[in-house]
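These notes are about the structure you will find just below.
Order of the sequence lines sets the chain letters (A, B, ...), proteins ahead of strands, with each chain counted from 1.
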Amino acid sequence: MKEITYCYDGSFDGFLCCIFESYVRKEIPTAIFCDGDPFPALFPSCFIETNAHHARRVFCKVKYLSPYAGNILQRAFLTCMPEKEIFLYRLVERLLREGPSFLRRQTDNTLYPLLTAIRHLQNEAHLLKGFLRFSDLNGVLGSEIQPKNQVLPLLQGHFCARYHQERFFIYDRTHHQALFHVPGKSVLQPLSFFEMAPPDSQEAHYRLLWKRFFDTVAIRERENPVCQRTHLPKRYRGTMTEFQEATEFKSPGSPAAVPAPGVPGGISAPERLLGSEPSVPGSSP
Amino acid sequence: MDVLEKLTILTDAAKYDAACTSSGASRPAKAGYVGNTTSTVSGCCHSFSADGRCISLLKVLMTNFCVYDCKYCVNRRSNDTRRTMFTPRELSELTLQFYRRNYIEGLFLSSGVLRSPDYTMEQMIKTLRLLREEYRFNGYIHAKAIPGSSPELIEQLGLLADRLSVNIELPSEAGLRSLAPDKTKGAILAPMRQITQRNLQAREELMKYRHAPRFAPAGQSTQLIVGATADSDLHILRLTQGLYDRYRLKRVFYSAYVPVVEHALLPARDVKPPLLREHRLYQADWLLRFYGFRAEELFGPQQENFDLRLDPKCGWAITHPEFFPVEVNTADYEMLLRVPGIGVTSARRILRARRSGALRMEELKKLGVVMKRAQYFLTASGRMTQGLRFSRESLLSGLIAAENASLPQAEGVQLSLF
Ligand code: SF4
């Protein structure tokens with residue numbers, strides 16, 4: 001067998017075809033690149049055409065040998081793991097050579113890096129179920145996220161169930177992809193560019209209410225930015241309503257949002273409520 | 001007063017309640033209704049406030065008017081503060097609009113006592129009914145039952161909410177008598193008992209009839225204030241244990257007392273809230289719920305309070321050398337759980353992984369074991385970690401160092417409380 005680098009179109013099927021071709025041509029790729037990736041052409045590179053039929057054959061074979069491996073393949077492909085293709089290639093290659101028993105051991109050197117990447121993906125998706133924010137744009141709910149991994153396929157089920165009666169979309173800025181939903185139907189589609197319209201007065205009002213709630217619910221005596229950052233890393237905050245600039249809380253057509261006494265911009269909570277003394281714990285009954 | 005102002009006042013008055021999880025209820029989406037509840041162990045956090053606490057629910061009071069005068073509470077009758085009240089419609093609208101924007105999992109509704117416990121409960125019920133029936137809200141609702149209200153009202157509340165809670169607040173009767181003179185132990189425990197029984201009954205009925213109404217399906221919880229009274233950790237944990245055993249509570253929350261009022265019976269105003277102590281109690285609570293520990297085991301013969309330098313599990317481990325080392329390749333699940341640095345997830349992973357051959361020490365980290373702690377207590381095929389030497393003292397300092405710097409600021413002050 002001779003060594004070579006593969007290049008494919010970036011789709012899951014395209015990647016499966018790389019595996020297919022390597023067996024047909026009896027060669028082991030040393031790297032598998034996605035079309036458009038900058039890569040050093042140290043080795044002869046070969047572009048692999050995507051063929052749905054070939055892809056299906058590879059995937060069926062993998063699933064037949066181990067449904068678990070099929071699952072790993074699908075999920076790990078959504079991760080942002082560098083060179084995930086070659087890691088997955090080696091997993092499949094080993095599966096075909098020695099059967100599925102090595103998959104039982106989580107600490108296995110072929111398997112472990114993939115499992116770690118998948119855990120990262122799932123964790124990010126889990127966080128975004130909470131951190132994602134919608135804006136009401138004339139009755140349609142719109143959202144933007146900027147995840148490291150391709151989380152939309154993992155979020156689809158959750159948001160389509162929860163907001164089943166709404167029309168909504170979620171735009172993934174990193175992967176230029178969007179999830180669209182109307183009652184009873186949803187699709188994932190590439191979308192190269194999107195910019196959110198400024199809020200109307202009602203939307204601005206609810207953003208402001210939320211921001212106020214967020215600021216007020218924190219207990220000043222317990223302030224702990226380190227703990228806050230551990231649970232809510234800074235990279236998520238760019239698309240979260242409560243961390244936006246003052247302009248996001250005003251609708252262009254309406255007068256500025258109601259300012260809190262003495263607070264410029266009108267978005268942060270007053271240091272303390274007028275007339276109330278700093279509070280004590282112990283809630284209502 | 002506009003809604004923004006009301007929200008500010010009624011959030012500020014509610015923020016000391018620690019309970020803010022949406023866990024324990026799983027209800028699928030229904031045609032014609034808004035939303036669902038999903039069940040994961042940790043619940044779903046929608047944000048984290050500046051104090052690092054999870055925000056999952058819109059946590060507000062119905063009103064901060066109160067006829068009672070609990071000494072430690074900002075809403076007490078004698079406190080000069082601005083008072084207001086949500087109308088049921090304002091609050092329903094707010095909840096629904098926040099929910100649609102994915103700000104929250106649902107509503108956490110509590111209240112000061114306006115006129116009487118029954119009158120207050122009626123207002124809360126009106127709100128929840130509006131939200132559930134007219135707005136068709138199918139998300140999570142946690143409601144506080146007001147001590148002293150009639151059983152019929154608690155019944156109605158339980159049919160509308162996912163979780164109910166009654167806060168005990170003060171861990172002893174003596175504390176209650178001096179600091180919350182209007183409340184009695186009986187008035188707190190009666191609704192708790194009722195909720196427990198109704199919840200069980202509803203579960204049984206649900207097994208027989210598919211459409212039997214659900215009563216607080218996510219169970220009930222309570223909160224204890226830590227550091228307002230002289231109650232020891234042992235006392236608090238025994239109480240907690242009793243609540244889990246006898247009342248089948250889902251959670252007990254702890255809230256470090258933030259002293260602000262000057263009162264002879266309360267800690268002075270310059271005493272910092274005992275955050276580290278609160279943290280240790282949460283860790284111990286976890287050990288009771290998931291690790292098979294009993295409260296008494298966590299303390300030595302003469303001991304009533306935790307050594308704050310150590311997490312309770314490490315504290316238990318260093319006083320029980322006879323139990324260690326534990327052999328990863330043969331120990332059962334319960335034994336593995338007692339090892340510091342091994343959690344519920346990593347213990348399960350160990351059981352699974354070792355089926356395909358003996359585990360080596362180097363592999364444990366990949367299974368999620370925190371080796372900085374676990375190394376002192378484990379062998380793999382009879383061997384300890386290579387090159388590890390330690391005495392009782394270096395073990396102690398090693399364990400203290402292993403706990404990361406993310407602990408609430410170490411404060412020695414609180415110890416002087418007692
Ligand atoms: S009854 Fe509740 S709200 Fe009223 S003073 Fe006591 S703890 Fe505060």
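The two atoms that bring A:C227 and B:G52 nearest to each other are SG-O, 3.7 Å, heavy atoms only. Closest heavy-atom contact between A:F243 and B:S47: CE1-OG, 4.3 Å. Heavy atoms only, all atoms of each residue included: A:L209 and B:L7 are closest at O-CD2, 3.2 Å.
Here B:T184 pairs with B:A187 under the side chain to side chain contact (heavy atoms under 4.5 Å, CB included) rule; sequence neighbours left out. Not counting sequence neighbours, the partners of A:T107 by the side chain to side chain donor-acceptor pair (under 3.5 Å) test are B:E363. Residues satisfying the disulfide (SG to SG under 2.5 Å) test with A:C160, not counting sequence neighbours, are none.
Using a 4.5 Å cut-off between heavy atoms, B:L58 contacts chain A through both its backbone and its side chain. Proximity to chain A involves both the backbone and the side chain of B:R100, based on heavy atoms less than 4.5 angstrom apart. Heavy atoms closer than 4.5 Å to chain A are found nowhere in B:K6, neither backbone nor side chain. When heavy atoms are compared at a cutoff of 4.5 Å, B:Y99 approaches chain A by way of both its backbone and its side chain. Within the 4.5 angstrom heavy-atom criterion, only backbone atoms of B:A31 (N, CA, C, O) approach chain A. Using a 4.5 Å cut-off between heavy atoms, B:L367 contacts chain A through both its backbone and its side chain. Of the two parts of B:L359, the backbone and the side chain both hold a non-hydrogen atom closer than 4.5 Å to a non-hydrogen atom of chain A.
With respect to chain A, the highest number of heavy-atom pairs below 4.5 Å among B:A29, B:G357, B:C70, B:S49 belongs to B:S49. Taking chain B as the reference chain and counting heavy-atom pairs below 4.5 Å, the highest number among A:Q106, A:R237, A:R133 is found for A:R133. By number of non-hydrogen pairs under 4.5 angstrom with chain B, the leading residue of A:R229, A:R207, A:E203, A:M240 is A:E203. Among the candidates A:R105, A:H158, A:R104, the residue making the largest number of heavy-atom pairs closer than 4.5 Å to chain B is A:R105. Interface remark: of the candidates B:I188, B:T11, B:N138, B:V3, B:T11 forms the most heavy-atom pairs closer than 4.5 Å to chain A. In terms of heavy-atom pairs under 4.5 Å with chain A, the best-connected choice from B:G35, B:P28, B:A50 is B:A50.
Side chains of B:T8 and A:R212: a donor-acceptor N/O pair is present below 3.5 angstrom, by distance only.
If you take OG on B:S356 and CZ on A:F102, they are separated by 12.0 Å, rounding to the nearest 0.5 Å.
Ion pair A:R222/B:E278 flagged as a salt bridge, since at least one NZ, NE, NH1 or NH2 atom sits closer than 4.0 Å to an Asp/Glu carboxylate oxygen.
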Would you sort out whether A:Y163 and B:V34 count as a side-chain contact (heavy atoms from CB on, under 4.5 Å), showing the intermediate values? CA-CA 7 Å; A:Y163 298 110; B:V34 179; 5.9 Å; no

Quick one, B:E105 with A:R162, criterion salt bridge (Lys or Arg N to Asp or Glu O under 4.0 Å). Give me CA distance, side-chain angles, the key distance, then yes/no. CA-CA 10 Å; B:E105 283 294 295; A:R162 172 155 297 186; 2.6 Å; yes

Could you walk me through whether B:F48 and A:E242 pass side-chain contact (heavy atoms from CB on, under 4.5 Å), step by step? CA-CA 10 Å; B:F48 286 86; A:E242 57 271 35; over 6 Å; no

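Using a 4.5 Å cut-off between non-hydrogen atoms, the part of residues 110-121 of chain A that approaches chain B consists of A:Y112, A:R119.
Ring geometry for B:Y103 against A:W210 counts as parallel: the plane angle stays under 30°, on a 0 to 90° scale with 60° as the upper cut.
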